[in-house]
Each structure stands twice: as C-alpha cells, then as structure tokens.
Peer 1: 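Below: one structure in structure tokens.
Computed from a predicted model, the values in this text were never measured in an experiment. By convention in this document, chain letters (A, B, ...) are assigned in the order of the sequence lines, proteins followed by strands, and residues within each chain are numbered from 1.
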Amino acid sequence: AQSVSQHNHHVILSEAASLELGCNYSYGGTVNLFWYVQYPGQHLQLLLKYFSGDPLVKGIKGFEAEFIKSKFSFNLRKPSVQWSDTAEYFCAVATGTASKLTFGTGTRLQVTL
Amino acid sequence: NAGVTQTPKFRVLKTGQSMTLLCAQDMNHEYMYWYRQDPGMGLRLIHYSVGEGTTAKGEVPDGYNVSRLKKQNFLLGLESAAPSQTSVYFCASSYRGRYSNQPQHFGDGTRLSIL
C-alpha cells in the first residue's frame, strides 16, 4: 500500500519568513499529487496539484510545489508567509482508479506576527 | 452553488446508537467519498462510490455502511456507534477523470462524539 510522509508536524514561523514543507510518497508508478489546506474550523481546500508537465507547479495564495520524481518528493514552498497562512497543510497522493486519495498526517503551520 | 453539503454539523451519540450522515453535492460529480479525520492521523478513507448504486470499501470501513441511491447523495451510516468512532467526518466529491487527476471538493465536516 502506498503511503505519504510529512515529517514536519508543527512549524512555527514569523511573518515574512520563507516556508518549505516536506512531503514524500512511496508509490513508484504514475502519481497525481495534491496539497490541501485546512484553515481553523474549515473544510479542506485545494492549494495546488500536479499530474504531468512542468514539475514546478504554482497554486493559490503564492504557494508553489516542486515534484522531484527521483526523490519521491513534492515539497510545498512559499517565499514569504503571512499570519493568514496559519492552517494545517496536507499532502495527498492519488493513484489507480476512482481518484482515491492517500493523505499525509498533516503539518500544522503557525505564523506569528 | 452550494458545492458539498454535510448534515448534521455536530452530533453527540451514546454507545450503541445508530445514525446516518448525509452528504449532498450539486456539481454533478460521479465520484463521492467519506473520510474521517483524527488528530495526528490525517484523513483516512472510509468508503467511496464511483457512481449511483455503487460503493466500495476504503482504508477503514469497519463499523460503517454507505449507500448511494442518487448521484448527488452519499449516506454514511453507523449501525452501532462506538467511542472509537468519535471523529470529524468529511465528505468529498470529484469528477471522473483520467488517471485520478481530478481534485476532490470537500464539505465542512461533521463533528461526531460517541459517549
């Protein structure tokens, strides 16, 4: 069975700091990769996705992620975080049929003023 | 356009009681899913459906049943609730896409406590 690892469980940054959240997956075949964000008390929202083409994908709110096939990684980045980015971030992988997602355990980001 | 709507939003049950969570989507999506979210464990797939009248087991199906009698609705049932089923439940839906590349759209969640 495939798995998704997010090694950073809780990250605390000051506003304007740069962000990189790690995501590694175990599946060796074709994958579709997603980052979702969950703001406090809200549902998951799609930040960005990758399924083919340019391995550097840009999403909403200034986020981007780079797919590195050789490292089985799909790290999320943002050059300068804002207080409003405080949320939980989930990496997810879809394989096979029915677009079923396997999620990582999530990274809680806390941005301080 | 409401997207994915879950009812109820909160519920407290006693051990052994039964209940049904309702998920409705108005985007004409073929696929629908039920997840549970527990602290430190991310989201785990309970059951899913690829179309009206079809359902399949996910990663953690035990203790749950589902039905999809209409394309827009996906029901999650707990026949005999247990404290281990205390969780936040999310419904999601997506289009049928090639190679699983369609993003899922999530509802606001149902917070369920089993005493």
Peer 1: Should A:Phe103 and B:Ile46 be counted in the same cluster of Ile, Leu, Val, Met, Phe, Trp and Tyr side chains packed under 4.5 Å apart?
Peer 2: no

Peer 1: Above 12 or not: heavy atoms from other molecules or residues under 6.0 Å from CD of B:Glu79?
Peer 2: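 Incorrect, the count does not exceed 12.
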
Peer 1: Please confirm whether the backbone N or O of B:Gln104 pairs with a side-chain atom of A:Tyr36, one donor and one acceptor, at under 3.5 Å?
Peer 2: yes

Peer 1: Could you tell me whether B:Arg44 atom CZ has more than 12 heavy atoms of other residues or ligands within 6.0 Å of it?
Peer 2: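 More than 12 heavy atoms, drawn from other residues, nucleotides or ligands, come within 6.0 Å of this atom.
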
Peer 1: Do you know which two heavy atoms are closest between B:Tyr31 and A:Ser99, and how far apart they sit?
Peer 2: CE1-OG, 4.0 Å

Peer 1: Counting neighbours of CZ on A:Arg77 that are heavy atoms of other residues, nucleotides or ligands and sit closer than 6.0 Å, is the number greater than 12?
Peer 2: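 Correct, the count exceeds 12.
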
Peer 1: Show the numbers, then the answer: is there a side chain to side chain contact (heavy atoms under 4.5 Å, CB included) between B:Phe90 and A:His43?
Peer 2: CA-CA 8 Å; B:Phe90 285 99; A:His43 61 271; 4.3 Å; yes

Peer 1: With the 4.5 Å side-chain cut-off for hydrophobic clustering, are B:Phe74 and B:Tyr95 part of the same group?
Peer 2: no

Peer 1: How far apart are the C-alpha atoms of A:Lys100 and B:Tyr48, what are their side-chain angles, what is the distance that settles it, and do they pass the side chain to side chain contact (heavy atoms under 4.5 Å, CB included) test?
Peer 2: CA-CA 8 Å; A:Lys100 293 177 292 181; B:Tyr48 66 99; 3.3 Å; yes

Peer 1: Hey, what do you get for OH (B:Tyr35) to CG (A:Leu101), rounding to the nearest 0.5 Å?
Peer 2: 4.0 Å

Peer 1: Only pairs of heavy atoms separated by less than 4.5 Å count here; which of A:Leu44, A:Val4, A:Leu33 has the most with chain B?
Peer 2: A:Leu44

Peer 1: Flag yes if B:Leu75 and B:Met19 sit in one hydrophobic cluster, no otherwise; membership is Ile, Leu, Val, Met, Phe, Trp, Tyr, and two members link when side-chain heavy atoms are under 4.5 Å apart.
Peer 2: no

Peer 1: What part of B:Gln37 gets closer than 4.5 Å to chain A, counting heavy atoms only: side chain, backbone, both or neither?
Peer 2: side chain

Peer 1: Give, as side chain, backbone, both or neither, the part of A:Tyr50 having an atom under 4.5 angstrom from any heavy atom of chain B.
Peer 2: neither

Peer 1: Measure the CG-CD distance between A:Asn32 and B:Gln102 for me, rounded to the nearest 0.5 Å.
Peer 2: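 Between A:Asn32 CG and B:Gln102 CD, I get 9.5 Å after rounding to 0.5 Å.
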
Peer 1: At a heavy-atom separation under 4.5 Å, does A:Gln38 approach chain B through its side chain, its backbone, both, or neither?
Peer 2: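 It is the side chain, since no backbone atom gets that close.
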
Peer 1: Please answer: with hydrophobic residues joined when any side-chain heavy atoms are less than 4.5 Å apart, are B:Val60 and B:Leu43 in the same cluster?
Peer 2: no

Peer 1: In terms of heavy-atom proximity below 4.5 Å to chain A, should B:Leu45 be classed as side chain, backbone, both, or neither?
Peer 2: side chain

Peer 1: Determine, using the 4.5 Å side-chain heavy-atom cutoff (strictly less than), whether A:Leu76 and A:Tyr39 are members of one ILVMFWY cluster.
Peer 2: yes

Peer 1: Over all heavy atoms of both residues, which pair between A:Leu46 and B:Pro103 is shortest? Give the atoms and the distance, please.
Peer 2: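 The answer is CD2-CB, 3.6 Å.
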
